[in-house]
2 protein chains.
Amino acid sequence: MAATNLPLDANRLWADVMALAEITDPQHPYTRRSFTPLFRNGRAFLAKRFADAGLAVRIDAAGNLIGQLDGADPALGVIAIGSHSDTVPSGGRFDGVAGLAAGLEAVRALTEKGDRLNHTIEVVDFLAEEPSEYGLSCIGSRGMVGALDTTMLDLTDPGGKTLGDALRQVGGDPDRLAEAKRSDVSAFLELHIEQGMVLESQSFDVGIVTSIVGIRRIEIVFEGAADHAGTTPMPLRQDALVAAANTVASVRRIAEQLSDEGKGYFVATVGILTVEPGAANVVPGRCRLVIDARTTDSALTARFVDAVECESAAHATLAHVKRTRLTTLSDGHPVNCDPSVRSALRQAAHALGLSETDLASGAGHDAAFMGRICKSGMVFVPSRGGKSHAPEEWSDREQIAAGAAVVLQAVKALDRSLQSRVKG
Amino acid sequence: MAATNLPLDANRLWADVMALAEITDPQHPYTRRSFTPLFRNGRAFLAKRFADAGLAVRIDAAGNLIGQLDGADPALGVIAIGSHSDTVPSGGRFDGVAGLAAGLEAVRALTEKGDRLNHTIEVVDFLAEEPSEYGLSCIGSRGMVGALDTTMLDLTDPGGKTLGDALRQVGGDPDRLAEAKRSDVSAFLELHIEQGMVLESQSFDVGIVTSIVGIRRIEIVFEGAADHAGTTPMPLRQDALVAAANTVASVRRIAEQLSDEGKGYFVATVGILTVEPGAANVVPGRCRLVIDARTTDSALTARFVDAVECESAAHATLAHVKRTRLTTLSDGHPVNCDPSVRSALRQAAHALGLSETDLASGAGHDAAFMGRICKSGMVFVPSRGGKSHAPEEWSDREQIAAGAAVVLQAVKALDRSLQSRVKG
């Protein structure tokens, strides 16, 4: 890294990350699941740090914790910076938290230098970005863009509590959800750890995110006959696992071909495969698998699905089993990051002497939802070994500070360039 | 079927099968697991039927229930007929029970006609032929041939009870296990349902078993890296499921080739495959699979294992994962049935006007252990649709009676031909 003299306090930023890491289930570091008492403890810490930095603190109807610094010309609207403070079970210290601490430190750096911006700045801790106990992720950012519909409020956790009630307990208001939808945000910037190996392996300081993948989940079920593994000759078998295993191989091969074409980011995974009855001496009678396909180009997913449909049908026929289900469980479209935000982030990196590269985000983020209501962009910082959603997750103090400095400089640039008034 | 006028009472035999079927867990017909109160109820019924038929009833040190009919020349030793009364969970009415009822009916037919044989006849209900809660099958027949070693007595069920204690509770005596080992048995005959489709599909009345497969169980574990399914590009993946799936396909293909060669019976199955962590958005980091390979010719298993070792290693390399385990969990050798017993069974079928064919047994049976101490053979009767270990298991009254008549005639023939005195 070229820059050592960054326009913010790397140690202070790091201290916030480490302080939040202490607020964890001690048996399963680092765990701070959304809606739990630990989550509310983490937010209490954040709210105090927001207030210490001179921000006005509130929780909106969608349960987002927001710290606000008024601009000189509030009619210009808001430039928001943020991420999330919830974690997966046994997750890491940086996923989400790094972006919050970066936003907070950027605001502190601005106010300390007396740099009053024209736009109002908000630091946002989005509610429940990670998959929650309600089977839903990005709850807060959905709410902020009007994509948290009332049927979602009726979702229940394993204990039977509704999301609506849970929202109330973290300070949101399900009855006034419409008020959470914003029309006054001009731009949103999110710093996040890469969760991959591109920046580390190619020694880039930061990544400028070009687009955030759309995620398609597909469930396939094969049904054959659970016959005796000893007395059923090979030609008479209806082995559901043989069809499923060949489908796993097909998914891998098709994904490699689409990825190799270079027309866009494409990955596909079979992460779930269950075998019934699952006994050594019984031919598998039923197999279920779930495919996760992610791309920056929906046309690639369409070709992938066509090929998987065709090949899995052929595998079923060859194994004398039936493909009794092929269902899309969920389908999110890819989101392109805003060109002006990308440009501001790139120029900021150059001005700071930091190396940067364009890259796609293979994970979903709040920034994808925010792209529906404003110019949205992301900057990635390196993840050691690409590890994420695990206690080993790591980014260096200087790496996060460098990314935060890029956010800070980009916010300042956008404050100047985004001078058109928002509709009131 | 040609024979309608069989030398025994088909209805009386059938009534015993149906009466035992009533002794079941009513929630999960047909369940009579070894060592349970229901199992002891079934044996109480059997013991009474043995006694009613004039048999002297005892339980040996290995927990086998034995009904004995003395021969005219006891020094000739014993011809035993039997099978087992325990079932798998939610099993059928015929697996095991058909062989016991056939043995009992054969003895009744003999005594009613005043056919006193020179050999002593025993009807044996072997203890726990099916896989038990102690992870062991064929417990009684192991005991009768001296293959139930004392380390097995220390095996525990999920509640912590030892097999030794369980043996005591069914009337066995773990301290005198050596006494269960027999040297006075000249021949053993077992009638069993086929559990396959050969007899039904080719319209044979009975099958004369040529050999009982040896069963090899092999465990393979692949370990890769449980990376993010969105942020890990295809070339950087270490996907354990890709290696496991390709191994499933290899097992299928190699087994088909060995089976097609016609040099012996060969089947192989992957019935267990587990994926960790098993989440849609995580690349599988660890997979475990268990292969069940069965053959009448150990040379085929050796070739199978060589090929699977070679191909699974290649699949691991291609998927950038490690094959951290390839272990033989168990290895039973195939057992050839005794030629003189096979011949007696075949001639009996011909004399009764029944069609017969040679076939291998793809399942293990008590007769395989008995082959270690005496001339051992089996006769199969048709299974509708090949279904077994399921409530749908079915064989017709006349089919079982025909098989029992074959056993009866073969016992009479063996009583004449096996005149050499056993060693005392």
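Sequence lines set the chain letters: A, B, ... in the order given, protein chains first and strands last, and positions in each chain run from 1.
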A.B. asks: Would you mind reporting whether A:F94 and A:V381 have side-chain heavy atoms less than 4.5 Å apart?
C.D. replies: no
A.B. asks: Report the option among B:A268, B:A249, B:P235 that has the most heavy-atom pairs separated by less than 4.5 Å from atoms of chain A.
C.D. replies: B:A268
A.B. asks: Report the option among A:V290, A:V282, A:V251, A:V270 that has the most heavy-atom pairs separated by less than 4.5 Å from atoms of chain B.
C.D. replies: A:V270
A.B. asks: Does any backbone or side-chain atom of B:A280 lie under 4.5 Å from a heavy atom of chain A? Answer side chain, backbone, both or neither.
C.D. replies: both
A.B. asks: Identify the two heavy atoms, one from B:I212 and one from B:A363, that lie closest to each other, and give their separation to 0.1 Å.
C.D. replies: CG2-O, 3.4 Å
A.B. asks: At their closest point, which heavy atom of B:A243 faces which heavy atom of B:V321, and how far apart are they?
C.D. replies: CB-CG2, 3.7 Å
A.B. asks: What are the two closest non-hydrogen atoms of A:I272 and B:G278, and how far apart are they?
C.D. replies: CG1-O, 3.4 Å
A.B. asks: Considering non-hydrogen atoms only, spot the tightest contact between A:V242 and A:A319 and give its length.
C.D. replies: CG1-CB, 4.2 Å
A.B. asks: Restricting to non-hydrogen atoms, name the atom on A:G224 and the atom on A:A240 that form the minimum distance, rounded to 0.1 Å.
C.D. replies: N-CB, 4.1 Å
A.B. asks: Out of B:V283, B:V275, B:L359, B:L241, return the one with the most heavy atom pairs under 4.5 angstrom to chain A.
C.D. replies: B:L241
A.B. asks: Which donor-acceptor pairs lie under 3.5 Å between chain A and chain B?
C.D. replies:
{"residue": "A:Q195", "atom": "O", "partner": "B:T231", "partner atom": "OG1", "Å": "2.3"}
{"residue": "A:D227", "atom": "OD1", "partner": "B:K387", "partner atom": "NZ", "Å": "3.1"}
{"residue": "A:G230", "atom": "O", "partner": "B:Y265", "partner atom": "OH", "Å": "2.6"}
{"residue": "A:T231", "atom": "OG1", "partner": "B:Q195", "partner atom": "O", "Å": "2.3"}
{"residue": "A:R237", "atom": "NH1", "partner": "B:A268", "partner atom": "O", "Å": "3.4"}
{"residue": "A:R237", "atom": "NH1", "partner": "B:T269", "partner atom": "OG1", "Å": "2.6"}
{"residue": "A:R237", "atom": "NH2", "partner": "B:T269", "partner atom": "OG1", "Å": "3.4"}
{"residue": "A:Y265", "atom": "OH", "partner": "B:G230", "partner atom": "O", "Å": "2.6"}
{"residue": "A:A268", "atom": "O", "partner": "B:R237", "partner atom": "NH1", "Å": "3.4"}
{"residue": "A:T269", "atom": "OG1", "partner": "B:R237", "partner atom": "NH1", "Å": "2.6"}
{"residue": "A:T269", "atom": "OG1", "partner": "B:R237", "partner atom": "NH2", "Å": "3.4"}
{"residue": "A:K387", "atom": "NZ", "partner": "B:D227", "partner atom": "OD1", "Å": "3.1"}

A.B. asks: Closest approach of A:F266 and A:A293, non-hydrogen atoms and distance?
C.D. replies: CZ-CB, 4.2 Å
A.B. asks: Counting only non-hydrogen atoms closer than 4.5 Å, does A:A244 touch chain B with its backbone (N, CA, C, O), its side chain (CB onward), both, or neither?
C.D. replies: neither
A.B. asks: Counting heavy-atom pairs under 4.5 Å to chain A, which of B:V213, B:L273, B:L289, B:V267 comes out on top?
C.D. replies: B:V267
A.B. asks: Using non-hydrogen atoms and a 4.5 Å limit, figure out which bit of A:A279 sits close to chain B: side chain, backbone, both or neither.
C.D. replies: backbone
A.B. asks: About how many Å separate CD1 of B:I291 and CG of B:L329, when rounded to the nearest 0.5 Å?
C.D. replies: 10.0 Å
